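Since this is a predicted model, take the numbers as computed values, not measurements. Order of listing sets the numbers, starting from 1, for every ligand and every atom in it.
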Amino acid sequence: MIGRMSEDVLSGIGLVKRFGETVALGGVGLQVARGEAVAIMGPSGSGKSTLLHCLAGITRPDAGRVHLLGQRIDTIGERRRSELRRTRFGFVFQFGQLLPELPAEENVALPLMLGGMPRTKAVGRARDWFGPLGLTGKERRRPGELSGGEAQRVAIARALVTEPAVVFADEPTGALDQATGHTVMGLLVDSTRKGGASLVVVTHDPEVARWCDRVVEVRDGLLRGAAGAEAGR
Ligand code: ADP
């Protein structure tokens with residue numbers, strides 16, 4: 001648990017996003033401090049993923065602003081936003097989204113190689129994450145040869161290998177049984193914190209949210225104030 005820090009790594013202000021008649025976000029602000037883990041909760045269809053996508057530069061909001069380390073990122077061009085996503089952000093999705101034909105270590109190394117790092121060096125860096133994530137010996141396995149929990153741990157390593165400022169996770173344990181999900185969530189929060197990154201995680205599992213420093217709740221595209229761990233801050 002950390003106290004509220006003065007420096008916000010990521011800041012969303014007045015975010016609005018419509019899909020036709022649907023108001024997915026009706027004006028949402030969310031600040032994330034350095035090293036802070038924030039859980040976004042709320043019922044299905046309330047706007048959680050849209051909020052995450054706006055903060056992560058995947059979706060451009062119709063109104064509002066997003067700042068990363070003081071720099072406005074919602075208005076920059078797609079090429080720079082995609083570079084930003086690759087270098088400053090890490091992503092963990094519900095179904096790992098690993099490339100099935102690549103061994104685990106190369107899946108993890110991929111973001112570094114896409115950034116121009118030579119393969120041997122990138123794979124070396126990738127391997128450093130296997131021990132801390134309990135994946136020793138699984139380096140050469142392909143995703144099809146891993147359990148669901150192991151595949152998600154590989155996805156966590158891939159999200160952290162670039163030493164991002166923020167890791168975004170959208171229902172990272174949604175496809176796992178409860179015990180495995182909790183192990184994976186613990187590893188996600190711990191390793192993100194050790195890597196010095198902030199974490200924004202969308203979940204509908206209150207157990208998952210317990211690992212985070214703060215919980216915010218989205219209802220009908222609006223933030224409903226904070227709950228849970230917020231009281232301890
Ligand atoms: P949650 O993540 O809380 O389940 P979403 O952010 O995915 O909610 O969706 C919020 C609302 O926006 C829902 O009504 C959903 O149907 C709608 N929505 C989300 N993405 C799209 C899209 N690409 N096109 C049309 N409607 C969308």
Side-chain angles (χ1 to χ4, degrees), residues 9-32 36-68 73-79 81-82 84-85 89-98 148 151-152 155-156 158-159 164 166-178 181-182 184-185 188-189 192 197-230:
V9 167
L10 185 71
S11 170
I13 303 157
L15 295 172
V16 175
K17 182 69 190 177
R18 296 182 199 88
F19 295 103
E21 296 289 291
T22 306
V23 181
L25 292 180
V28 170
L30 184 64
Q31 275 75 42
V32 183
E36 187 182 30
V38 179
I40 302 175
M41 295 196 67
S44 184
S46 57
K48 303 182 296 294
S49 296
T50 306
L51 175 58
L52 183 139
H53 292 161
C54 284
L55 291 171
I58 295 169
T59 300
R60 206 189 278 267
D62 297 325
R65 288 171 294 170
V66 181
H67 295 262
L68 173 71
I73 61 166
D74 57 292
T75 44
I76 60 179
E78 180 47 40
R79 203 180 58 82
R81 270 197 301 152
S82 122
L84 200 78
R85 288 196 297 270
F89 294 154
F91 294 92
V92 181
F93 298 103
Q94 183 170 355
F95 302 103
Q97 297 183 340
L98 303 173
Q152 275 311 61
I156 291 171
R158 185 186 54 187
V166 185
V167 172
F168 293 96
D170 198 345
E171 298 284 7
T173 63
L176 304 175
D177 67 71
Q178 202 178 42
H182 289 174
V184 165
M185 189 61 200
L188 174 63
V189 172
T192 303
S198 305
L199 174 66
V200 178
V201 54
V202 163
T203 180
H204 57 249
D205 182 352
E207 288 290 310
V208 165
R210 273 196 311 133
W211 268 272
C212 296
D213 299 302
R214 188 157 56 112
V215 179
V216 296
E217 201 178 334
V218 182
R219 283 284 165 97
D220 297 327
L222 293 171
L223 227 54
R224 274 194 75 189
E230 174 70 356

N/O donor-acceptor pairs under 3.5 Å from side chains in residues 59-68, not counting sequence neighbours:
unit_1	atom_1	unit_2	atom_2	d
R60	NH1	D74	O	2.8
R60	NH2	I76	O	3.3
D62	OD2	R18	N	2.7

Other residues, nucleotides, ligands: >12 heavy atoms within 6.0 Å of H182 NE2: yes

Neighbour count above 12 (heavy atom, 6.0 Å) for Q178 CD: no

Shell of residues surrounding ligand 1, defined by a 4.0 angstrom heavy-atom cut-off that is strict: F19, T22, A24, P43, S44, G45, S46, G47, K48, S49, T50

Nearest heavy-atom neighbours spanning V92 and A159: CG2-CB, 3.7 Å

Residue list, side-chain hydrogen bond (donor to acceptor under 3.5 Å, both in side chains) with E207, at least two apart or on another chain: R210

Just distance, no hydrogens or angles: give the donor-acceptor pairs under 3.5 Å from side chains in residues 45-56, sequence neighbours left out.
unit_1	atom_1	unit_2	atom_2	d
S46	OG	P43	O	2.6
S46	OG	V218	O	3.4
K48	NZ	G42	O	2.9
K48	NZ	P43	O	2.9
S49	OG	D170	OD2	3.0
H53	ND1	S49	O	3.4

